[in-house]
Protein chains: 2
Amino acid sequence: MAGNNGLSEKVHERGGRMTRQCRAVLDALASVDMHPTAAEVYEIVRETVPDISQGTVYRNLRRLVELGYAQELDYGPGASHFDASVESHCHARCTNCSKIIDLDIDSSLAPCLKEAQAAAKGWQISDQRIEFEGLCPECSEVNKSE
Amino acid sequence: MAGNNGLSEKVHERGGRMTRQCRAVLDALASVDMHPTAAEVYEIVRETVPDISQGTVYRNLRRLVELGYAQELDYGPGASHFDASVESHCHARCTNCSKIIDLDIDSSLAPCLKEAQAAAKGWQISDQRIEFEGLCPECSEVNKSE
DNA sequence: ACGCTAAATGATAACTGTTACTGATTATAA
DNA sequence: TTATAATCAGTAACAGTTATCATTTAGCGT
């Protein structure tokens with residue numbers, strides 16, 4: 001499959017150099033439908049670039065976020081998760097295994113959020129984050145049997 | 001003033017021992033209308049219990065959260081913030097000074113959220129977190145002048 | 001009131017996630 | 001091809017938090 005969806009060219013356009021390592025981080029993020037942590041990206045990337053360092057993974061993830069090609073999800077305890085999709089959307093996070101998934105939310109949420117924003121008088125709101133937390137199907141299944 | 005709203009008795013009821021330190025952490029959280037970090041709680045508590053240790057502050061904050069008398073807000077980078085109010089409500093976080101405030105949101109948000117939850121098929125959703133991020137009035141004022 | 005004992009403490013070491021620094025590589029332009 | 005600046009691997013440093021352990025202490029029974 002295409003893998004990075006032409007993102008490598010875009011990174012290049014913005015003045016960045018397209019190294020093997022950067023491309024690998026990018027591909028890893030784009031090819032996975034989960035929202036991996038930096039450590040998980042590191043593990044994935046090591047399959048194709050075995051001697052990459054953790055620091056490089058962190059640096060490239062940060063760069064992708066700065067360039068606007070990924071977003072960082074730093075809710076919850078522990079490590080940040082990274083998401084190849086940029087548009088703001090809802091997530092669900094498992095309190096047991098800390099997995100994060102996307103939620104397809106109807107746009108009906110938007111007007112409600114506008115109203116909520118109005119409550120923040122004097123603030124310049126630039127983003128919103130909506131997250132549900134609970135047990136994912138796998139973890140709630142395990143819980144059932146005990 | 002009452003300070004801890006009788007929480008010390010409740011802690012005691014649940015089998016915990018009410019030490020000077022625990023009471024001080026509790027009072028500090030209840031007496032402040034902000035959402036302090038553990039380090040900020042530590043500073044407040046040191047005024048009344050000068051030789052308390054950071055570890056004890058962390059321990060008691062965790063205990064209060066486990067007992068259901070406080071909640072931990074661990075969105076965003078850096079340290080967690082703690083909130084003496086337990087009921088789930090919206091927050092706004094300043095991306096500059098990382099201050100967190102409560103938002104009074106009309107209950108009209110609830111039906112929209114129900115719908116959103118329905119998108120998480122197979123999940124047992126136990127909580128939701130809605131957070132707006134942007135610049136607080138003070139920080140956006142500073143930004144204006146540069 | 002007085003000890004007993006488990007819970008809680010202070011001090012500090014260890015740990016996790018992340019960033020900064022180093023000299024060595026390497027992608028890109030000329 | 002060569003020059004050079006961005007990026008790299010490796011590692012040390014950092015912040016926030018948790019664990020460990022010897023000491024203290026709250027709350028119980030007597």
Side-chain angles (χ1 to χ4, degrees), chain A residues 4 7-26 28 35-43 45-46 48-67 70-82 93 98 100, chain B residues 4 7-28 35-43 45-46 48-67 70-82 93 97-98 100:
Chain A
N4 60 39
L7 281 181
S8 49
E9 285 75 20
K10 293 190 197 162
V11 168
H12 190 220
E13 277 171 16
R14 296 215 187 177
R17 289 187 182 173
M18 183 43 53
T19 60
R20 274 184 317 131
Q21 293 87 344
C22 180
R23 186 185 305 272
V25 168
L26 215 130
H35 300 323
T37 62
E40 288 164 349
V41 171
Y42 176 59
E43 284 309 316
V45 168
R46 256 149 62 93
T48 51
V49 188
D51 55 353
I52 198 171
S53 77
Q54 288 210 51
T56 299
V57 171
Y58 275 106
R59 221 176 305 140
N60 280 302
L61 285 172
R62 204 186 332 148
R63 190 147 68 109
L64 291 178
V65 170
E66 281 164 4
L67 291 175
Q71 66 178 307
E72 184 175 359
L73 311 174
D74 50 9
Y75 330 95
S80 288
H81 292 246
F82 291 86
R93 181 170 56 81
S98 84
I100 294 181
Chain B
N4 60 39
L7 281 182
S8 49
E9 286 74 20
K10 292 191 198 162
V11 169
H12 190 221
E13 276 170 18
R14 297 216 188 176
R17 289 186 182 174
M18 184 43 53
T19 61
R20 278 184 315 130
Q21 293 87 345
C22 180
R23 187 183 305 272
V25 168
L26 215 129
D27 286 348
H35 299 323
T37 63
E40 287 164 348
V41 171
Y42 176 60
E43 284 309 317
V45 168
R46 257 148 61 93
T48 51
V49 188
D51 54 354
I52 198 171
S53 75
Q54 288 212 50
T56 299
V57 172
Y58 275 106
R59 234 172 324 191
N60 280 303
L61 285 172
R62 203 182 337 145
R63 189 147 69 110
L64 291 177
V65 171
E66 281 165 4
L67 290 174
Q71 65 178 309
E72 185 174 358
L73 310 174
D74 49 9
Y75 328 94
S80 288
H81 292 248
F82 291 86
R93 181 170 56 83
C97 67
S98 84
I100 295 181

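Convention: sequence-line order gives letters A, B, ...; per-chain numbering from 1. All figures in this text were calculated on a predicted structure; none of them were measured in a lab.
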Practice item. Spell out protein contact along nucleotides 17-22 of chain D as letters: B when the base is contacted, S when just the sugar-phosphate is, - when no protein heavy atom is under 4.0 Å; keep the 5' to 3' order. Key: BBS---
Review point. Is it true that a side-chain atom of A/His35 and a backbone atom of A/His81 form a donor plus acceptor pair closer than 3.5 Å?
Key: no
**Study point:** Atom pair distance, as rounded to whole Å: CG in B/Leu73 and P in D/dG16
**Key:** 16 Å
Exercise for review: Would you kindly give the CE-to-C1' distance between A/Met18 and D/dT7, to the nearest whole Å?
Suggested key: 12 Å
Practice item. Write down the distance between CG (A/Asp51) and P (D/dT7), rounded to a whole number of angstrom. Key: 18 Å
**Study point:** Side-chain donor-acceptor pair present, B/Thr56, B/Gln21, cut-off under 3.5 Å
**Key:** no
Review point. For B/Gln21 and C/dG10, is the shortest distance between a side-chain N/O and OP1 or OP2 below 4.0 Å?
Key: yes
Check your understanding: Does A/Gln54 have any side-chain contact (heavy atoms from CB on, under 4.5 Å) partners at least two apart in sequence or in another chain, and if so, which?
Key -> A/Tyr42, A/Tyr58
Check your understanding: What heavy-atom pair brings B/Pro77 and B/Arg93 nearest, and what distance separates the two atoms?
Key -> CD-NH1, 4.0 Å
Review point. Yes or no on side-chain contact (heavy atoms from CB on, under 4.5 Å) for A/Cys22 and A/Arg63, after CA distance, side-chain angles and deciding distance?
Key: CA-CA 9 Å; A/Cys22 180; A/Arg63 190 147 68 109; 3.3 Å; yes
Practice item. Find the distance A/Arg20:CZ to C/dT25:P and express it as a whole number of Å. Key: 13 Å
**Study point:** Rounded distance in Å - CG (A/Leu26) to P (D/dT7)
**Key:** 13 Å
Check your understanding: For A/Leu67 and D/dA6, what is the distance between atoms CG and P respectively, to the nearest whole Å?
Key -> 15 Å
Review point. Any side-chain N or O of A/Thr19 less than 4.0 Å from the OP1 or OP2 oxygen of D/dC8?
Key: yes
Study note, to complete from the structure: note: A/Arg17, atom CZ; D/dA6, atom C1'; distance rounded to Å ~ 4 Å
Practice item. For A/Asn60 and C/dA27, give me the distance from atom CG to atom C1', rounded to whole Å. Key: 14 Å
Study note, to complete from the structure: Across all chains, not counting sequence neighbours, the side-chain contact (heavy atoms from CB on, under 4.5 Å) partners of A/Pro50 are none
Exercise for review: Report the residues that fulfil side-chain contact (heavy atoms from CB on, under 4.5 Å) with A/Gln71, sequence neighbours left out, ordered by chain and then residue number.
Suggested key: A/Leu73, A/Asp83, A/Ser85, A/His89
Practice item. Work out how much the helix from C/dA1-D/dT30 to C/dA30-D/dT1 bends between its end axes, five pairs an end, to the nearest 10 degrees. Key: 30°
Check your understanding: Quick one: which of C/dT9, C/dG10, D/dG10 gets closest to the side chain of A/Ser53?
Key -> D/dG10
Point to revise | Phosphate-side-chain proximity, A/Arg63 and D/dT7, N/O vs OP1/OP2 below 4.0 Å | key: yes
Point to revise | Rounded distance (nearest 0.5 Å) linking atom CG of B/Asn60 with atom CD of B/Glu66 | key: 11.0 Å
Check your understanding: Quick one: salt bridge (Lys or Arg N to Asp or Glu O under 4.0 Å) partners of A/Arg46, sequence neighbours excluded?
Key -> A/Glu43
